[in-house]
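These numbers come from the heavy atoms of this one structure, side chains and all, not from hydrogens, waters or symmetry mates. One-based numbering along the sequence shown. Predicted, not measured: the structure shown is a model, and the values here were computed from it. Indexing begins at 1, ligand by ligand and atom by atom, following the structure's order.
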Amino acid sequence: MKRITHRAFSLLLLAALIVAGLALYTIRYVDDGRDWALSFARANSGSGGALTDRSGRLLASFDAVENRYAEDAATRTACYAVTGDYWGRSGTGALTCFWDDMHNYSLLTGTTHSEAVDLQLTVDAALCRTAYEALGGRKGAVMVMDYKTGEVLCMVSAPSVDPLDTGEPPEGAYLNRCLTSSFTPGSVFKLVTAAAAIETVPDMDARLFTCEGETEIAGVRIVCAGEHGTQTFEQALANSCNVAFAEIAVKVGQENMIAHARSYGLLDRHDLDGIPSVAGSYPLDFIGDPELAWSGIGQSTDLVNPYAMLRFVAAVANGGKLAEPHLIAGRSGPFTRLVEEDTADRLAAMMNYNVASHYDGAYNFPGLNLSAKTGTAELGDGSSHAWFVGFLADEEHPYAFVVLVENGGGGLYAAGPVANAVLQQAVR
Ligand SMILES: [Zn+2]
């Protein structure tokens, strides 16, 4: 009897060990199975793969022996937000997120063949370099996309890092600000308030707004950056008048503001060919008129993710229909309606008027048929984020863009020249 008990115990122990071993193997397999399969496939076939930009310029390549990047440091650094690295430190780069695709790897079936796949991206490496240089060492984000096809032409985040540099990277270099950060939008959010007003306030075009530099809403003072006098709706947007937009936001009402911010995708997470972005925010609990006014001006607790803003302006540029942005070449669409057609066309015309009448378009953006909106988002510590968002109304160069310079100061003066440098090169 005693011996049987002893044996039963041994068997039980053995079974427990087998189960534990299997569990460990499964965990290791999910974690490292890809590396096992790929290193075996690569070592045996001697195959390699390459990641290239839209014109075939090499961004990264690998074979059984070595992992490589672009030849020059400027390209490696400017394109880091796009490529990431072989170690997955950024978490959002193509080398991390598309690695399985490049190897036809799946967790269930392993590699289906040993040949690695070359992957062509939609970005233009030279354009990324221009954007990164134009940021001039400041923190920020730049994105450009073709709003007719959804191709992302430029995605740059600064500070960045040369993946071959073994030194200590600048703080935040592994963060892709285009996708994984949200920022106070300031006046670029007036585009959302304007769109909501077009759809919910009757006779917007018959209304006039008077600005004497400040106003009071329910006893709370709202200050403007200027004294704009009496303005139409269109002039109020071009002046970026806080007094007018405080009134407009209150007129629109919080429920309508929330509904529009939500329907434009500004409160949602998105993804770029599967690479996730973060959601923005807008006050959802009742806040009362003074705070509602500030939220319609893009202050309050508003936060906007640059990629979500790009989707919104790209849709406005394209008659309200968004061509889903993508990073892997050879795809197009799908197209979804993000903004009502009439609203998009009206907003597009107002953005065109902004540049022609108030941003000195002929001087600041020579030769470009630009439609845009500036933003100078006050951060409460005396500094402000500079935003400049918009698009080219140009059949041959249908480009939408977002430029953000963190703590950069005024939108037009800090972010405008970055947009100009990138767009001038894009149309060349
Ligand atoms: Zn004003």
*Minimum heavy-atom distance between Cys211 and Gly226, given as atom pair plus value*: SG-O, 3.6 Å
_Using a cut-off of 2.8 Å, how many protein N, O or S atoms sit around the Zn ion (ligand 1)?_
4
*asked:* My understanding is that only one of Asp162, Asn176, Asp85 makes a side chain to side chain contact (heavy atoms under 4.5 Å, CB included) with Tyr80; could you say which?
replied: Asp85
*Ring centers of Tyr86, Tyr69 separated by less than 6.0 Å*: yes
_Testing the 3.5 Å rule here: is there a donor-acceptor pair between the side chains of Ser187 and Lys373?_
no
_Residues which pass ring pair (Phe, Tyr, Trp, His ring centres under 6.0 Å) with Tyr132, listed by chain and number, not counting sequence neighbours_ = none
*Should the heavy atoms of other residues, nucleotides or ligands under 6.0 Å from OH of Tyr413 be counted, would the total exceed 12?*
no
